[in-house]
Every structure is written in structure tokens, then in C-alpha cells.
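Values below: every heavy atom of this structure, side chains too, minus hydrogens, waters and symmetry copies. Note that ligands are numbered from 1 as they come in the structure, with each ligand's atoms numbered from 1 the same way.
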Amino acid sequence: MEINIVSDEELKKKPDFTNLKFGSIFTDYMFSVRWDAENGWGIPKIDPVSSFQIHPAAKCLHYGLQVMESLKAYKGIDKNIRLFRPELNMERLLQGAKRLVLPAFDSKELIECIKRLVKLEQEWVPDLKHAALLIRPVYVGTDPTLGVAVANSALLYVLLSPVGSFHPPGFKSASVYADPKYSRSWPGGSGDLKLGGNYGHTIYIQRAAEKRGHHQVLWLHGKKNEITGVDCNNIFFVVRNESGGIELITPPLNGITFPGVTRQSIVELCQNWKDVQIVEKTITIDDVKKLLDEKKLREMFGTSSACITCPISSIFFDGSKYDVSTVKQDKPIYDRITNALCDIYYGRADNPWGVKID
Ligand SMILES: *Cc1c(COP(=O)(O)O)cnc(C)c1O
């Protein structure tokens, strides 16, 4: 690896970590490596963050040959810096690359490169509750030719951005807007991958939701209005079942549900919880209405490494508003999940999911 260190005077002043706007500040250094069909992978590099040159015909700018990841580095109570299950993000990035016919990379090697970058930038990892250093790997096809075809050159790079809590100060719960006219994933599509092309078209409906006074978009699919997710989050429902037990329901990984690392971790964590039964099954808008009528729906929340959990308190669908008592529960499950995950992120619980950077 080639590392180009600049003098201390050229480094940025650290921002006020208590007042960070999500994803708007980047650290001093980035990682990058180029690939081309003729020479294969080039030398991996860590350089100061700077704009790079890209040909105006580059395929990523025309046909969305772009895939990314989002994970975080956390400063633990023991001052160690940890990543959370980074191998799952690398696996997902590889799946996206495969779908775009970008070459595979060695994911163990890439994790080592990311650790090296984070270590160099360790002073940028905020030492605050719910704050972290966001790691954003991006992989693009850079081939400067206009055919909709396999890219013969590519660029893989990683940016770091210190982030505070995802929720703005004073935020308690989300009002979500569902419009069956729009979908973010469909069978045979790519909604289960973090391809950039899955996100651009969602901004329109996100803005429509905001204009109507809602925080987030509840994503639906098909004639039955299956719920597939909320904003850029997976979705969970806490339901009281016939026998009075508590079920935690989340849509199954059927190609239209996003395979979140947080989702998977919650599913695995709950398997050890005796009082909660985890159930992976499809839930439609009609199911939600019925559960609300029967007073069985206790909580509804989104999950992602960006927000951890995000409680939902109302759904707006087809001209009606439906209230969910998520934040009125005595000991909500979403809160318990947030705590269990944060214990691992911040090293309060010893768990192999927390991967120290050295
Ligand atoms: C990234 C993302 C998530 C959350 O994934 P995590 O790995 O848990 O951070 C959920 N839904 C969508 C659509 C996403 O893009």
C-alpha cells in the first residue's frame, strides 16, 4: 500500500463533534485502488481527500455502474475502535459488484485497508453517545465508452465521515407516508443491493412525503401492498400473538427486502431472547390495519447502521392516518435492541461482532 502523508499544517481542523450534519464532513485521507482489464488491480493508496479526474463518458456517470456500502467505526468505552461485522458489508459490496459485472476484490484485504485508513484517522472517531465515523466504500465502472456494456476499468475508494446521532435533536418518532404508486424494489430488480441507482429515484417521493409533513417513506410492493422497508431502513413490527406472546416480525429476504446487517444482527440476537419470538414473514398494509383494529400491533420501527432503530408512530396511507403506539410502550423492544447493539458497537459487551481495528 502506498500512503501519502501530508504535514500537520495541511490537516483540517477537527469539527465540533457534538454538532455534526450527517455525512457533510470528511476526514483528511481516503483510500483508493484502480482496476483495468489489461493490468488488473493497481497499487492500493491512501491519499489526502481530493477531487479526482474522471472521463465525462465514464460508465458510472451514464448507466449507474455504481455500488456502495455504509458501515461505521465506533470508539469504545475501552478507547478501542471497532467495526461491526465488516465482512457482511464486504460480502454485500461483492454481490453488488457481481450484478454490475465489476471485478471481484479480496474482501479480507479490503477490510485490512479500511482498518489501516481508520487507524490513520482515529482522532476523527467521535467519542460520544450514538456518534461514529461513517465508512463509505464506493465502487464504480470508469470505462470511458458509451456502450451499455461491461466496464473495462473501475475505481474502488473509501471515504470517512464523522457522524452524530442520525436523529435530529428533539426527534421522538417518525410519521411515514406510503404511496403504492411508487416502489423501491421489485422481483428481478436490484433492491436487495446497495447500487446507487436504487436511491436517486426515491428522492422524489421522499420530498413528496416531506411536503405532506411526514418524515419518511414506507415502501410498498405489488397489488397486496407488501411492506418492504422504510426510507433506507429495514422494518420491524412488534405484535402480540394469539397466546399473548410477543412476536418480532420482519419481511423475509425474498429479493425485494434489503439484507441489512442490522436486520440480520437483530434476527440473530432475538433468537436468544426467551420472551420474544422472531418471525420472518411478509406483512401487508391490510395486515397492519387488521393488527391495529385488534390492538395487537405494539411497535413499528426502522433499522439500519445509520439510525440503529427509528420508532414509527403513524402511517399515512390512501387518505387515512393510522397511529401506532410504538413510543408509548412501557419497555419498548426497539429500545432494548438499540441498547443491545450499542453495547456491542461501543465495547460494553464482549462480542466477536465488534472487530477491533488493531
Ligand atoms: C443500507 C440500507 C439498509 C440498512 O442496512 P444496514 O446494513 O443495516 O445498515 C436498509 N435498507 C436499505 C434500502 C438500505 O440501503
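- Residue contact check: Arg184 has heavy atoms under 4.0 Å from atoms 13 (C) of ligand 1.
- Only the backbone of Asn233 comes within contact range of ligand 1, with a heavy atom under 4.0 Å; no side-chain atom does.
- Side-chain N/O atoms of Ser175 and His214 include a donor and acceptor closer than 3.5 Å.
- Atom 9 (O) of ligand 1 has Ser305 OG, 2.6 Å as its closest protein atom, hydrogens excluded (heavy atom only).
- Between Tyr157 and the options Phe52, Phe105, Tyr29, a ring pair (Phe, Tyr, Trp, His ring centres under 6.0 Å) holds for only Phe52.
- In terms of protein heavy-atom proximity, atom 4 (C) of ligand 1 is nearest to Ser304 CB, 3.5 Å.
- No side-chain donor-acceptor contact under 3.5 Å links Glu121 to the backbone of Thr27.
- Scanning the protein heavy atoms around atom 8 (O) of ligand 1, the nearest turns out to be Thr262 OG1, 2.6 Å.
- Some N or O of Arg92 is nearer than 3.5 Å to an N or O of ligand 1, by distance alone.
- Residues Ser153 and Thr142 bring a donor and an acceptor atom of their side chains to less than 3.5 Å of each other.
- Thr326 and Arg298 form no side-chain donor-acceptor contact under 3.5 Å, judged by distance and modelled atom types alone.
- Between Ser70 and ligand 1, a contact under 3.5 Å exists for no N or O pair.
- In terms of protein heavy-atom proximity, atom 6 (P) of ligand 1 is nearest to Val261 N, 3.5 Å.
- Of the listed residues (Cys232, Gly260, Ser185), the one carrying the non-hydrogen atom nearest atom 10 (C) of ligand 1 is Cys232.
- Counting only distance, with no hydrogens or angles, the side chain of Lys194 and the backbone of Gly96 share no donor-acceptor pair below 3.5 Å.
- In terms of protein heavy-atom proximity, atom 2 (C) of ligand 1 is nearest to Lys194 NZ, 2.6 Å.
- Tyr199 carries Arg184 over the face of its six-membered ring, with the cationic atom under 6.0 Å from the centre and within 45° of the normal.
- The shortest N or O to N or O distance between Thr303 and ligand 1 is not under 3.5 Å.
- In summary, of the residues considered (Arg92, Glu91, Arg99), a side chain to side chain donor-acceptor pair (under 3.5 Å) with Gln95 occurs for Glu91 alone.
- Ligand 1 lies less than 4.0 angstrom from a heavy atom belonging to Tyr199.
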